[in-house]
Undergrad: 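Below you'll find the structure I mean.
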Amino acid sequence: MRTMRRQGKRLAVVALFLFMLFMGYFWPFQIGLDEVRAHLPSFLDREVQSVLDRLPPDTDKNLKLPLPEVKYQCDFYYDCVVGLGEYNATFWILNNTGKDDKFVADIFAAELIMGMTTRVSTEGGDWANAPDPISMMTHTNDIYKTNDAAHAYELAKLEKADYVFVPYRGLYTGWWLPKEEVNYAKFNDSRYFEPVFVDDNVTVYRIK
């Protein structure tokens with residue numbers, strides 16, 4: 001009898017594992033955060049709200065909680081993330097900027113810049129251990145997204161940045177920022193920004 005129970009438990013574990021494997025790799029399925037919050041204890045819900053309060057405007061709407069769906073979460077990384085122009089820009093950075101110069105960049109570009117030139121950015125590397133990384137993420141996101149050149153300039157100065165690295169692709173600032181939501185026109189405002197390097201899919205601007 002005990003042997004049958006043990007075998008039954010083993011079969012249940014294997015069945016659960018196979019179900020999770022299927023969910024993870026073949027069923028891109030998400031649960032709305034609001035649906036989950038309805039069942040959370042009040043103290044946990046307050047913690048969730050405290051995090052949401054620090055997100056950029058409008059990014060706290062219709063949030064999804066991914067189950068362990070590996071395929072859904074990793075499809076983005078299967079494609080080339082940074083372009084050849086961004087790679088070429090690192091040689092210009094290496095030869096034309098100071099070692100202490102700082103860049104506004106999304107996480108992918110920041111890792112590229114750091115690896116190729118040792119220059120730091122508002123994100124990337126060990127930035128998550130810096131004081132208030134959510135503020136850095138929010139400022140970086142807003143610099144790319146805002147329509148207001150003066151506001152972008154003020155945020156860049158607040159982060160003590162010298163350059164803005166502007167690739168023409170979707171960005172990952174800690175939040176996914178589709179290319180369509182990036183306002184490129186404001187960087188052409190010569191009162192605040194000066195283009196110093198241009199390639200196929202990237203422009204580097206000096207912050208005045």
Side-chain angles (χ1 to χ4, degrees), residues 28 30-34 36-37 44 46-83 86 89-90 101-148 151-184 186-187 201-205 207:
Q30 291 185 311
I31 299 174
L33 178 60
D34 290 338
V36 175
R37 291 186 67 184
L44 281 179
R46 286 194 296 270
E47 288 297 318
V48 171
Q49 187 60 50
S50 70
V51 173
L52 294 179
D53 289 341
R54 288 177 283 169
L55 297 181
D58 300 325
T59 58
D60 61 343
K61 303 294 189 298
N62 300 317
L63 291 177
K64 304 293 184 183
L65 282 181
L67 292 171
E69 329 128 340
V70 177
K71 184 178 186 304
Y72 180 87
Q73 295 297 329
C74 294
D75 272 351
F76 182 87
Y77 297 95
Y78 293 152
D79 295 325
C80 181
V81 177
V82 297
E86 294 177 70
T90 62
D101 284 342
K102 185 176 182 180
F103 286 77
V104 174
D106 79 320
I107 292 174
F108 297 135
E111 298 286 356
L112 174 69
I113 292 168
M114 182 178 62
M116 296 295 292
T117 73
T118 72
R119 287 8 174 213
V120 298
S121 301
T122 49
E123 300 186 330
D126 205 25
W127 66 279
N129 290 326
D132 202 356
I134 290 184
S135 174
M136 297 167 67
M137 288 165 52
T138 303
H139 290 166
T140 301
N141 193 76
D142 287 351
I143 288 167
Y144 286 114
K145 192 171 183 178
T146 182
N147 298 327
D148 187 342
H151 182 54
Y153 174 81
E154 289 166 3
L155 291 176
K157 284 294 186 182
L158 187 62
E159 292 295 340
K160 300 180 180 178
D162 303 285
Y163 296 89
V164 186
F165 193 90
V166 185
Y168 302 107
R169 56 170 170 77
L171 304 176
Y172 185 52
T173 61
W175 298 277
W176 295 115
L177 186 61
K179 181 180 179 181
E180 295 74 24
E181 294 183 19
V182 179
N183 181 279
Y184 298 100
K186 65 175 172 289
F187 295 114
N201 72 316
V202 65
T203 301
V204 178
Y205 295 88
I207 301 166

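Values below: every heavy atom of this structure, side chains too, minus hydrogens, waters and symmetry copies. Sequential numbering from 1 along the given sequence is applied to the chain's residues.
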Undergrad: State, yes or no, whether a side-chain contact exists between K186 and H151 at a heavy-atom distance under 4.5 Å.
TA: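 A side-chain contact under 4.5 Å is absent here.
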Undergrad: Do you know which of T138, T140, N141 makes side chain to side chain donor-acceptor pair (under 3.5 Å) with T173?
TA: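 Answer after filtering T138, T140, N141: N141.
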Undergrad: From L44 CG over to R46 CZ, what is the distance, rounded to the nearest 0.5 angstrom?
TA: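 If I round to the nearest 0.5 Å, the distance is 9.0 Å.
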Undergrad: Below 30° counts as parallel, above 60° as perpendicular, anything between as tilted: where do the rings of F108 and W176 land?
TA: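 Ring orientation, 0 to 90° scale: tilted.
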Undergrad: For the residue pair Y168 and T203, establish whether any side-chain heavy-atom pair is separated by less than 4.5 Å.
TA: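 Yes, side chains in contact.
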Undergrad: Compare every heavy atom of A110 with every heavy atom of A105, then report the nearest pair and how far apart it is.
TA: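 Minimum heavy-atom contact is CB-N, 3.9 Å.
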Undergrad: Return the minimal non-hydrogen interatomic distance between V204 and A89, and the atom names on each side.
TA: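 The pair with the smallest heavy-atom distance is CG2-CB, 4.4 Å.
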Undergrad: Does Y144 reach the side chain of V104, with side-chain heavy atoms less than 4.5 Å apart?
TA: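 The answer is yes; the side chains approach within 4.5 Å.
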Undergrad: So does R169 pair up with D106, basic N to acidic O under 4.0 Å?
TA: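 Looking at D106 together with R169, the answer is yes, because their closest N to O distance falls below 4.0 Å.
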Undergrad: Of all heavy-atom pairs between N183 and T146, which one has the smallest distance, and what is that distance?
TA: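 Heavy atoms of N183 and T146 come nearest at CB-O, 3.3 Å.
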Undergrad: How long is the gap from CD on E159 to OG on S121, to the nearest 0.5 Å?
TA: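 Separation between the atoms: 11.5 Å.
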Undergrad: Using a 4.5 Å cut-off on heavy atoms from C-beta on, say whether the side chain of I143 contacts that of F187.
TA: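 SC-SC contact between F187 and I143 confirmed.
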Undergrad: Hey, are the side chains of K145 and L177 touching, using non-hydrogen atoms and a 4.5 Å cut-off?
TA: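 Yes, close enough: below the 4.5 Å cut-off.
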Undergrad: Using 0.5 Å steps for rounding, measure from the CG atom of D132 to the NE2 atom of H139.
TA: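 So the gap between those two atoms works out to 8.0 Å.
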Undergrad: Please examine the side chains of F165 and E86, heavy atoms only from C-beta on, and report whether any two atoms are closer than 4.5 Å.
TA: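 Yes; the side chains approach each other to less than 4.5 Å.
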Undergrad: Quick check: do K179 and Y184 have side-chain heavy atoms less than 4.5 Å from each other?
TA: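 In contact.
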Undergrad: Which atom names give the shortest non-hydrogen contact between M137 and E123, and what distance separates them?
TA: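 Taking every non-hydrogen atom into account, CA-OE2, 3.2 Å.
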Undergrad: If you take all heavy atoms of G174 and I107, which pair is closest and at what distance?
TA: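 Minimum heavy-atom contact is N-CD1, 3.9 Å.
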Undergrad: Give me the atom names and distance for the closest heavy-atom approach of A161 to I207.
TA: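 Closest approach of A161 to I207: O-CD1, 3.6 Å.
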